[in-house]
Amino acid sequence: MAYVTRFAPSPTGPLHLGHAFSALTGFDRAQARGGQFLLRVEDTDSARVRAEHEAAIYDDLHWLGVRWQTPVRRQSEHLADYAAALDRLIAMGLCYPCRCTRADIHAAVSAPQEGVTHLPPDGMVYPGTCRHRPMSDRSPTDAIRLNIRAALQTLDPTRLSFTETGPERAGHHRLSVPHLTDRVGDVVLARRDIGAAAYHLCVVLDDALQGVTEVTRGMDLFDATEIQVLLQHLLQLPNPLYHHHRLIRDDQGKRLAKRDNARALSRYRAEGATPQDIRRLLGL
Ligand code: GLU
């Protein structure tokens with residue numbers, strides 16, 4: 001099968017060195033295999049997305065020497081695809097409406113959640129307050145959550161796995177039921193603030209629709225893989241390889257974030273750095 005990978009930034013801030021590493025890693029892997037490199041713009045969070053960030057993504061990546069297949073898939077143009085996938089999961093009886101705010105969830109979770117996997121967009125294991133609610137009770141401002149225990153009951157979880165090709169966790173990983181139920185929990189599939197499908201569903205659907213054979217992204221998303229593989233099985237989508245690369249950290253060892261403007265590629269460019277300088281800085 002022809003190799004296809006992708007870089008999937010959200011245009012909510014300037015690209016930094018970590019993004020450059022991710023894009024170049026995917027691009028180089030595609031080049032080395034005679035495959036395709038795709039760019040996908042993850043712009044469903046309309047409150048945080050800015051057109052100027054999207055324009056800067058194209059500009060920075062061009063400057064870096066990265067080339068991609070066009071047209072670029074912009075998630076905001078495909079909301080009907082995500083809604084249809086969500087409807088399938090709802091029809092399978094695996095979803096419920098949730099009216100809890102972050103503050104409600106914090107209040108319900110009395111003890112600090114040790115060892116919890118911090119996945120976008122939740123960040124906390126949901127305590128299940130609304131799990132008893134039927135979908136018929138849904139109000140337009142409710143989020144939709146996946147009932148993870150119900151989902152696991154429809155499949156044989158011992159047969160679910162994924163293959164990791166990244167250097168830090170290379171190998172075959174079986175899905176862990178305790179991890180999914182206790183550390184990941186009932187993830188949000190559609191958000192209450194924007195009504196649109198949330199991260200996991202969009203990513204899983206797009207990777208399948210775009211024929212991605214290997215997902216290239218940072219180790220910060222390694223823990224998102226189990227839930228995404230589960231969604232692939234529920235929706236009968238192909239299961240790609242995963243390549244989670246090392247994270248680029250600042251001098252204090254902290255992972256770079258979009259607010260770290262000091263590491264923005266545009267700053268390096270303005271200071272006269274060349275794409276080769278960036279590759280050297282990243283050890284590529
Ligand atoms: N849009 C996500 C981000 O910017 C990446 C999603 C992915 O690579 O799976 O962090």
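Values in this document were obtained by computation on a predicted structure and should not be read as measured data. Whatever order the structure lists ligands and atoms in, that order sets their numbers, starting from 1.
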Subject >> Stepwise side-chain hydrogen bond (donor to acceptor under 3.5 Å, both in side chains) test for His244 and Thr225 >> reply: CA-CA 10 Å; His244 291 92; Thr225 309; 3.3 Å; yes
Original post:
Quick one: which ligand 1 atoms are inside 4.0 Å of a heavy atom on Leu221?
Top reply: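 The list of qualifying atoms is 5 (C), 6 (C), 7 (C).
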**OP:** Could you tell me whether Arg246 sits above the aromatic face of Phe21, with NZ or CZ closer than 6.0 angstrom to the six-membered ring centre and within 45 degrees of the axis?
**Re:**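 Cation-pi check for Arg246 and Phe21: passes.
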Original post:
Who gets closest to atom 8 (O) of ligand 1 by heavy atom: Arg40, Arg6, Glu42, Gln75?
Top reply: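 Selected option, by shortest heavy-atom distance: Arg6.
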Original post:
Do any N/O atoms on Pro9 end up under 3.5 angstrom from N/O atoms on ligand 1?
Top reply: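 Not met; the criterion fails.
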**OP:** Would you check the N or O atoms of Tyr199, main chain and side chain alike, for any that come under 3.5 Å of an N or O of ligand 1?
**Re:**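 Yes; the residue has a nitrogen or oxygen that sits under 3.5 Å from a nitrogen or oxygen of the ligand.
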Original post:
Do Arg74 and Glu54 sit within salt-bridge range, that is, some charged N less than 4.0 Å from a carboxylate O?
Top reply: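 Yes.
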Subject >> Test item: side-chain donor near acceptor, His243 and Thr216, under 3.5 Å >> reply: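 Not at all, the side chains of His243 and Thr216 share no donor-acceptor pair under 3.5 Å.
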